[in-house]
Each structure stands twice: as C-alpha cells, then as structure tokens.
Amino acid sequence: MSVAFKIKEVTAAAIHQLYGIDLQPNDVLVNATKPEFEGDYTVVLFAFIKQLKKSPDALGQELGSYIVAQHPELFTAYNVIKGFLNLTIGDAYWLSFIQTQFTNEHFGEAAFNGTKVMVEYSSPNTNKPLHLGHLRNNFLGRSIAEILKANGNEVAKTCIVNDRGIHICKSMIAWQMFGNGATPESTHTKGDHFVGDYYVKFNDEYKRQVEELKAQGKLDEEAEKSAPIMKATQQMLLDWEAGKPEVMELWRNMNSWVYAGFDSTYKRIGSDFDKTYYESNTYLLGKDLVETGLEKGVFYQKADGSVWIDLTSDGLDEKLVRRKDGTSVYITQDIGLAEQKQKEFNAKQSIYVVGDEQNYHFKVLKLICQKLGLPSADGIYHLSYGMVELPTGKMKSREGTVVDADDLVEEMVNIARQKTEELGKVKDFTAEELEELYDTIGLGALKFFLLRVDPKKKMVFNPEESIDFHGFTGPFIQYTHARIKSILRKSGVGSLELGVITEAQTLFPLEKELSIHLEMFPSVLQDAADEHDPSKVAIYIFNLAKTFNSFYTEHSIGNAENEEKKTLRLQLSQLTAQVIKTGMNVLGIRVPERM
RNA sequence: GGACCGGUAGCUCAGCUGGAUAGAGCACAAACCUUCUAAGUUUGGGGUCAUUGGUUCGAAUCCAAUCCGGUUCACCA
C-alpha cells in the first residue's frame, strides 16, 4: 500500500476517533507537499472544517499531533499552514522501503487476480499499408494489455482484420487492369505497399473516368455512379459474395501479400495477437441475434422488411440492424462477434482500441447488447483515442498526406543510428548489437512520443521536425537506465549482493525525493490500468528519470561519503533502474544496458 | 440542427473527484565534462488557463451562455 493511501486511512481514522465522524479513506484529499513548504505529504483540511465547525488551524493542530503521536513509525513532524496539514515521513520509513524492495524485480506488479480481460486492437484494412494512426492504435493496444497484465489480469489480445468489402475490391480491380501480372516479388515491393499502390491507382483512374463523364455533360452524382471502374468493382463484390472462383483466388492472393507485409511490420513494432479474426469469416455473424431481438421486441421491422432499433429514448437515433435485402450491417456483425468472443474467452471485460470517430458506434453497440441481455454487454469498453493530425490538418490518403508506418519507423531507427555514431560510446558493439540498439532507441522514441499523450486527445505530429531524443522522450529515459547500469557495473557489485543498511541515517533532499517517487510506482501502474491510460506511466517514468539525474548530479554514488551512503545510493539506483525497466516495458519499450 | 470531444507559454503537452505563487519538454539566452555515461544537470526570460457570467472561504478545474476547432448522427466498414 502506498504511503499516500496510508495517510488517507490514518486521517480518516483520526477524524473518526477525535470527532466521531465516519469517512472513507478516499474522502481525504492528500497531495505531495509543494517544495516551498516543510513536509512530504499534505492533507487538505478545508473539506472538513464546515462539518466540524473548527478553524482550519485548530483542526490541523489537533489532527497533526494526534496522527504523529499514533504513528511514530511513519511520521516525524507536522506543520499547519492555512488549511493545509503538512506531514513529514521519517527517513526510517524510506530506508526500510528501499532496503526491502531494491532486489524485487516485480516491484509494482500486482499478484495474479484471476480476472480475464480481452484487448482488441490494430484491426487493419487489407487494402493499404499501416500509417501513423495505426501506430498509435497498436502501441496503445499493446501497452494497455501489458499494463493490465502487470495489474494481475489475464489478458488475451485479439485483432479483427477487415479483409472484405468494396475497398478491397478496388485494389483488386486496379490490379487486374494495370498489374500485368506483377507481384510483390517481381517488383521487390513490400506486399501491403504493393496492394496499397493499386488502391491509389484505382482512385486515380476513377477520378479520371468521372472527369471524362462530366466533360461529356453528366452531372457529378451520375458520373460518379456510372464510371465503368466503379461498376466493375461493385460487380466484383457481388462475385466475391457469390464465391466466384477466380475472384476468390485473386482475393486470397492479394490478401496474402498484404498479410506478409503486415507481419513484418508487426514483428518490427512488437504487435502480436493471441487470436486473429477475419471479417470474411465473421461478417455473417449476428443474423440470428436479429431474430432474437425481433422476438424480444427489442427490434422492429419496417414495411420494406428492414429491421431497426429505436434508441431515441436513450437520446440516440434509430439504428438499422438488417438491410431490407436481408444482409447484416456493421453493427450486427459486431454484436455477433462480441458474443462469439464471449463464448471463446469468457472475459470479464472486452476492450476495443478504436479511434474516437467510432464513439457513437460503440455507444450503440453496448446499448444494443444490453437491451438484448447478452452476456458480453457490460464488459464492452471502448478505449477511444484521438486522431494523429499533421500541422496542416488531418491525414488524407487521397491527398498523399499520410505518414507511412514503415517509413517512419525506418527514419527513427536511422536517426538513432546517426546519433549513436556521433556520440561514439558503443564502438565495441558487434554489428548485431548495434542494429538491436538502433531499433531499441528509434522505436523507443516513436512509441514514447505516441504514448506520452492522453489517448483521448488528438495529437499533432509534425513530419518536418523529427521526433526529439532529448527531454520528455523515450531515449532520455533509456539513457538514464543505461547510465545507472553503467554506474552499477563500475561499482563492481552484482545486482543482488548489496550490503545491508543498518544505521539510521539522514537522507539528503534528493535521496528522499527519489525514494518518494519510487514508492509511488505501484499506485501509478494501478491508476494507469483503472484509467486505461498509458500516458500516466510515461509521465511518471519521465519524472522519475529526471529526479534520478538531478540526484546523480548532486551526489556521488560510487564515491559516496561513506559505505552506508554508498550502499544506500547503489540500492536507490538499482531500484530506479528496475522501475524504469518495468515502466518502459509496459509501454512496449525496451531499455538498453548501454547506449 | 441533435449528440459527443477539445481550446492552458512561440510549439508539443501535463494539471481537471475545486485547494498553497498554473507545470514539463522543445525553442531561445547563459553556466557546468582531468572523478560514477553531457542522449545529462543548473539558471533565466516567456501565461488575460478561448470569452462572459454564476456557484464559494477558494475556480484552469464545477455550472450556464457565447466564440473557435474536431468527430458523429449512412441500407459504408
């Protein structure tokens, strides 16, 4: 349990004892004490003064003296300023904390709690390669899965591949028209890029045909509808649904190229899945649930045969769940898939990592599942994240303003290579070790950049300015880790064989500050899981690294004033490195031993 | 038009269950490597927290209105 929470408990208990008022620990507001005041943690008293009819100062004095007297093992002093009760934690507490945790490689992680959670993420279309937006999705999904694991959950990662539909047929048609039998192998192109190029070709040709028809005097809408290439694409979708052999073969071929491309990108960025669903297998799911819904009176049928649900009483609209031709729509498939996943995994919570433009969709999905009384309903959680935008606005594939995932990863790794070479600190590394280091740093910079921002918020990426390697960045934290490891190596101690601190000693401010930061780690991990927000971890780790670097600059570790101090500082360093490693790992970022 | 999200330093972002003088990083100006990794540290300048009103001991945070930006409300997925 964290000290901050203990203070809440102790304060609530004290108020109960002294004034007979029952409080929950979380009714007590506890903050870190501002640096300009004496103390470590501050209890904010204003909330209680009305109820207790006491002046803030009197209440603070009474509470402070009571709490300190009751818990001498924890507190050594208090002071009251205005309505703030500042408490000082004794050095003995921090020393004991460091002493008991510095060898704990799982510090911060919770014990297995038996809860099953599903995380669905990535979910690409097979008509074009991954871009920066997908990277945010993949990093978020992977990270939230790791954060949940660290909090004791059993996590299953899933992916739904959107491998069918009109957009896939567009690439297929364009390949038939312009491909001349080319393949990724024959053109030495990565499969997903190869197929994506035909998607672009489709759009170019389509635009050309529309212009041509308009020049012949047709109206916009008519031209768009009657363009031969669009008609051919629509026919192809019908042929696909009918299972026409040559269309199926082309479809399988093109998808296999895309999958090969995706696989190599996934491998590089560290995305993996316990189970992959393909929409071509799941798009018919949910049909039986439409019948169920009709029987239960949750859905209703219109005169033309289409089936709807009326959500106006929930403040939403009417929503179609089955077309008049009897085919199902997106939401119906999703309901069906939710049920299928529920049957397969029986998870308590099912997290969907999907962009915020689908907020409405997931609201509706959950609502419909609840109205149908499905077991999956209450576990549905939409982890909604904002778009990654360019300074000029949204990325648009049609306007060529998309930041390609593979290109960006490559660029980041190249920058890492260049900077590492300039600094020249790892000249003795083998070629393989160097490549691994460049990957670690380049991808670390990229992942940290995308994860350090609150997922809910949209964010801006400027391709003109490369992602930084200084300050609030992945490499800064990786560097701090490598630096600590270097110190530990030079001090000639193995990780588990540091001495015992026996004497009570006085902590310097930065030693204490570092201890306080370290002690917060478990509650930060828990908070990140509760909020589904990896940025909490990113921000925390950054502040920890910054605190360590100040501590490092101020105090010598290997040549400390005496053996006691040396032992303490080595233990502090060791635990800091451990927390950085665990924290970065849940973000999906590796930390090097040297850089 | 309805619903939802956002607007904090030149830029990118924290802070939002109301609490002490609103914080980081980048950029800018300067200082610090014969001793543990300078991808570092320290210092400085930089703010009408979109606007207006309200709630109260106290508002960047809550409420209302307004302005600006975004998303969504498809027999697309």
Side-chain angles (χ1 to χ4, degrees), chain A residues 26-27 29 31 33-34 36-37 42 44-47 49-50 56 81-84 86 123 125 162 164-167 279 283 302 304-308 315-325 327-331 333-334 355-361 363-364 384 386-387 389 391 393-394 416 419-420 422-423 425-426 441 445 449 452-454 456-462 465 468-480 482-491 535-536 538-539 542-543 545-546 548-560 569-570 573 594-595:
Chain A
N26 281 324
D27 294 334
L29 180 60
N31 292 332
T33 302
K34 306 250 173 206
E36 54 271 35
F37 300 99
T42 298
V44 183
L45 302 169
F46 296 102
I49 55 177
K50 244 187 198 159
I81 297 170
K82 296 205 267 174
F84 302 93
N86 300 319
S123 306
N125 291 344
N162 185 357
R164 63 167 287 279
I166 194 84
H167 53 292
E279 211 188 290
Y283 81 108
K302 286 193 178 174
D304 64 2
S306 58
V307 179
W308 297 72
L316 304 174
D317 307 275
E318 293 188 335
K319 184 84 186 172
L320 178 89
V321 294
R322 192 171 73 191
R323 297 187 185 99
K324 66 182 173 205
D325 63 8
T327 57
S328 49
V329 291
Y330 179 41
I331 192 102
Q333 300 165 31
D334 261 13
D356 63 4
E357 73 264 334
Q358 295 204 39
N359 284 354
Y360 179 78
H361 171 77
K363 214 170 172 179
V364 171
S384 164
M387 298 290 102
E389 293 183 358
K394 284 183 69 176
K419 298 215 177 209
T420 304
E422 277 170 19
L423 290 167
K425 293 177 184 174
V426 287
I441 298 171
F449 176 82
R452 67 180 198 180
V453 181
D454 184 342
K456 287 195 297 291
K457 296 201 176 178
K458 66 181 183 193
M459 60 185 294
V460 176
F461 171 79
N462 188 350
E465 306 165 11
D468 233 296
F469 281 51
H470 301 271
F472 186 19
T473 68
F476 166 84
I477 295 162
Q478 291 171 322
Y479 171 77
T480 305
R483 175 186 244 180
I484 295 172
K485 287 296 185 172
S486 166
I487 294 163
L488 292 174
R489 279 192 301 271
K490 288 232 166 96
S491 303
S535 74
K536 305 254 189 223
I539 292 165
F542 168 65
N543 284 320
K546 218 163 44 131
F548 179 85
N549 283 326
S550 299
F551 158 79
Y552 162 89
T553 307
E554 179 77 16
H555 301 291
S556 180
I557 296 164
N559 297 315
R569 288 179 191 159
L570 285 170
S573 303
R594 290 178 56 194
M595 67 184 275

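Since the model is a prediction, treat every value here as computed from it, not as a measurement. Chain identifiers are assigned alphabetically (A, B, ...) following the order of the sequence lines, protein sequences preceding nucleic acid strands; residue numbering begins at 1 within each chain. All values below were derived from every heavy atom in this structure, side-chain atoms included, with hydrogens, water molecules and symmetry-related copies excluded.
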Q) In terms of side-chain geometry, is the basic nitrogen of D304(A) or K302(A) positioned less than 4.0 Å from the acidic oxygen of its partner? A) no
Run the side chain to side chain donor-acceptor pair (under 3.5 Å) check on D468(A) and T473(A) step by step: do they pass? CA-CA 7 Å; D468(A) 233 296; T473(A) 68; over 6 Å; no
Per-nucleotide protein contact along nucleotides 21-36 of chain B, 5' to 3', at a 4.0 Å heavy-atom cut-off (B base, S sugar-phosphate only, - neither), is ---SSS---------B
Sorted by chain and residue number, the ring-ring contact (aromatic ring centres under 6.0 Å, His included) partners of Y552(A) (sequence neighbours excluded) come out as none
Inset, instruction - Test for a donor-acceptor pair under 3.5 Å between the base of A14(B) and the side chain of S535(A), counting only N and O atoms. - result: no
>> If I pick the P atom on A27(B) and the same atom on C11(B), what distance separates them, to the nearest angstrom?
In response: 16 Å
Open item on the list: Side-chain N or O of S550(A) versus OP1/OP2 of U42(B): is the shortest distance under 4.0 Å?
Closed with: yes
Here the helical stems involving RNA chain B, each at least 3 consecutive Watson-Crick or G-U pairs closer than 3.5 Å, sorted by first residue number, are B:1-7 with B:67-73, B:10-13 with B:23-26, B:28-32 with B:40-44, B:50-54 with B:62-66
Checking side chain to side chain donor-acceptor pair (under 3.5 Å) for the pair D317(A)/Y360(A): CA distance, chi angles, key distance, verdict?
CA-CA 10 Å; D317(A) 307 275; Y360(A) 179 78; 3.0 Å; yes
By ring-ring contact (aromatic ring centres under 6.0 Å, His included), F46(A) pairs with (sequence neighbours left out) F84(A)
* Asked: With a centroid cutoff of 5.5 Å and a plane-angle limit of 30°, would you call F84(A) stacked on A20(B)?
  -> yes
Letter by letter from the 5' end, nucleotides 70-77 of chain B scores (B base, S sugar-phosphate only, - none; protein heavy atoms under 4.0 Å) SSSS-BSB
side-chain contact (heavy atoms from CB on, under 4.5 Å) filter on N31(A), not counting sequence neighbours, yields L29(A), V44(A)
